[in-house]
Trainee: 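First the structure, then my questions, so here it is.
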Amino acid sequence: MKKKIISLLILIFVCICIFGDGVNAKERRFKKQDIKYTYNDSMFYVSPMYVINDGKVRYMRYDYKPDKECSVFYIDAVRGKKVKKISSFKYRDDKYDTDIFNDVKVLDNDINLTIMKRNYGKKQNIVIREYDKKGKKIFTYIDDNEKRSIGPFLKGWDDGKSIYYTHIKLRYDENLYVFNTRCINKKSKKAKDMNSFKVDMQDIDEVVLRNFKIEKKKIFVLCNEKINVYSLNGKLLNTFKLPEGERTIRVYIDPPDVGDYLTFNHFSVYGDYIYYCNRNGIYRLNMKEKGGFKLYYNAEGDEYFGSEYGAEDICVKDENTIYMMIRDVTAYDPTKIVRYSRIR
């Protein structure tokens, strides 16, 4: 009898060593490393990071050069411990009164997508362009949307054959945001509307680009307490409840309009998983299984998840490597890029 009890105690001890306390069984240990990155406070926009071509991490930034009357795009790659500029190209349009790009994105095969809404008088249209890695324009489509009432939000995606972009209609129903998706066939250059979908305004505090992603023929919408997943044709496929945790900190600084809110409320899609971060750390959810978000990286003691910083982007290269863009209270754009590598 005594031998059986001893054997049982040994078995329990081994299970605890291997699996932990059960609650945190899904947590992983990560090593944090700052990537050498130079912050430029004159830069107009820094895009989210994207994983392309078997694991390359890239992002796009652009600036408007008033002396040259053009916008300049820069393509950066995260390589090892530093960021390297790999290409740049210019954009100039003298006919219209705006050069504000609503979405810029680095795609597979070193293709760079830009989407902008152009205003000319009371009219407007959407200009979609793609460039190769050397900055040569390889595709252009101008979508006349004078009657479509396009809001400032636009998000695009290219599946190789077609380009999709989603926008919010300015003339929305009462208390509802109405999202519409357009599909442009790249070969025929014909466009069509997909089915619209609606989101209650109470579910979204702020309509910003980081709250939306188009990935793998699905539209992901980050709401206040959940993430909704829609098909490109507007069908609600899934709703996933967000984990509890602090997301936004109000910071009182002078001047008050610079970085006075530091937010940790971002997500990334990798394979069948959604990764989401708040100030507790990074969570992971398997879209094909039940169980919800589970803490994947416990950020206790990590200063970048503390009150002095906010997250601008999270990008999952694979289950063992996660990149984050971080900013401090003095800046609008990322001031740091950090890599989290899983410790085996």
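Bear in mind the structure is a predicted one, so any value in this text is a computation, not a measurement. For the single chain, residues carry numbers from 1 onward in sequence order.
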Trainee: What closest approach, in Å, do Gly156 and Leu113 show between heavy atoms, and which atom pair accounts for it?
Mentor: C-CD2, 4.1 Å
Trainee: Sub-3.5 Å donor-acceptor pair from the side chain of Thr263 to the main-chain atoms of Asn265, do we have one?
Mentor: no
Trainee: What I want to find out is whether Asp193 reaches Arg182 closely enough, with some N-O distance under 4.0 Å, to be called a salt bridge.
Mentor: yes
Trainee: Going by atom types alone, do Asp76 and Tyr59 pair a side-chain donor with an acceptor below 3.5 Å?
Mentor: yes
Trainee: Distance alone, cut at 3.5 Å: any donor-acceptor contact between the side chains of Arg129 and Tyr91?
Mentor: yes
Trainee: Taking 4.0 angstrom as the limit, do Arg61 and Asp333 come out as a salt bridge?
Mentor: no
Trainee: Under a 4.0 Å N-O cut-off, is there an ion pair linking Arg279 with Glu303?
Mentor: no
Trainee: Have Arg58 and Tyr50 got a donor and an acceptor in their side chains that come within less than 3.5 Å?
Mentor: no
Trainee: Can you name the nearest heavy-atom pair linking Thr239 to Asn228, along with the distance?
Mentor: OG1-OD1, 3.0 Å
Trainee: Should the pair Lys189 and Phe139 be classed as cation-pi, given the thresholds of under 6.0 Å to the six-membered ring centre and 45° from the axis?
Mentor: yes
Trainee: Would you tell me whether Thr181 and Thr166 have side-chain atoms, one donor and one acceptor, within less than 3.5 Å of each other?
Mentor: yes
Trainee: Looking at residues at least two apart in the chain, or sitting in another chain, which of them share a side chain to side chain contact (heavy atoms under 4.5 Å, CB included) with Asp159?
Mentor: Trp157, Lys161, Ser162, Tyr164, Lys217
Trainee: Could you tell me whether Lys186 and Glu130 make a salt bridge, using a distance below 4.0 angstrom between a side-chain N and a carboxylate O?
Mentor: yes
Trainee: From the options Phe220, Phe197, Phe212, select the one residue that forms a ring pair (Phe, Tyr, Trp, His ring centres under 6.0 Å) with Tyr230.
Mentor: Phe197
Trainee: Is a salt bridge present between Glu319 and Arg28, judged by a nitrogen-to-oxygen distance below 4.0 Å?
Mentor: no
Trainee: Can you say whether the rings of Tyr297 and Tyr340 are parallel (under 30°), tilted (30 to 60°) or perpendicular (over 60°)?
Mentor: tilted
Trainee: Under 3.5 Å, side-chain donor or acceptor atoms of residues 77-86 against the rest of the protein: list the pairs with distances, not counting sequence neighbours.
Mentor:
none

Trainee: Is Ile343 reachable from Tyr304 through a run of I, L, V, M, F, W or Y residues, each pair having side-chain heavy atoms under 4.5 Å apart?
Mentor: no
Trainee: For Ser196 and Asn180, work out which heavy atoms get closest and say how close.
Mentor: OG-OD1, 3.2 Å
Trainee: According to salt bridge (Lys or Arg N to Asp or Glu O under 4.0 Å), does anything in residues 220-232 pair up with another residue at least two apart or in another chain? List the pairs.
Mentor: Asp203-Lys226, Glu225-Arg247
Trainee: For residues Tyr131 and Thr114, determine if any side-chain heavy atom of one lies less than 4.5 Å from a side-chain heavy atom of the other.
Mentor: yes
Trainee: With a 3.5 Å cut-off and no angle check, do the side chains of Tyr74 and Asp63 form a donor-acceptor pair?
Mentor: no
Trainee: Start with the C-alpha distance between Lys294 and Glu289, add both sets of side-chain angles, then the distance that settles salt bridge (charged side-chain N to carboxylate O under 4.0 Å, His left out), and finish with yes or no.
Mentor: CA-CA 12 Å; Lys294 296 179 174 62; Glu289 296 179 359; over 6 Å; no
Trainee: Ignoring hydrogens and angles, tell me if any N or O in the side chain of Lys213 forms a donor-acceptor pair with the backbone of Lys155 under 3.5 Å.
Mentor: no
Trainee: Assess, by modelled atom type and distance only, whether the side chains of Asp34 and Tyr37 contain a donor and an acceptor separated by less than 3.5 Å.
Mentor: no
Trainee: For salt bridge (charged side-chain N to carboxylate O under 4.0 Å, His left out), just list the numbers for Lys105 and Glu215, CA-CA rounded to whole Å, side-chain angles, deciding distance to a tenth of an Å, and then say yes or no.
Mentor: CA-CA 12 Å; Lys105 188 172 186 178; Glu215 303 286 349; 3.7 Å; yes
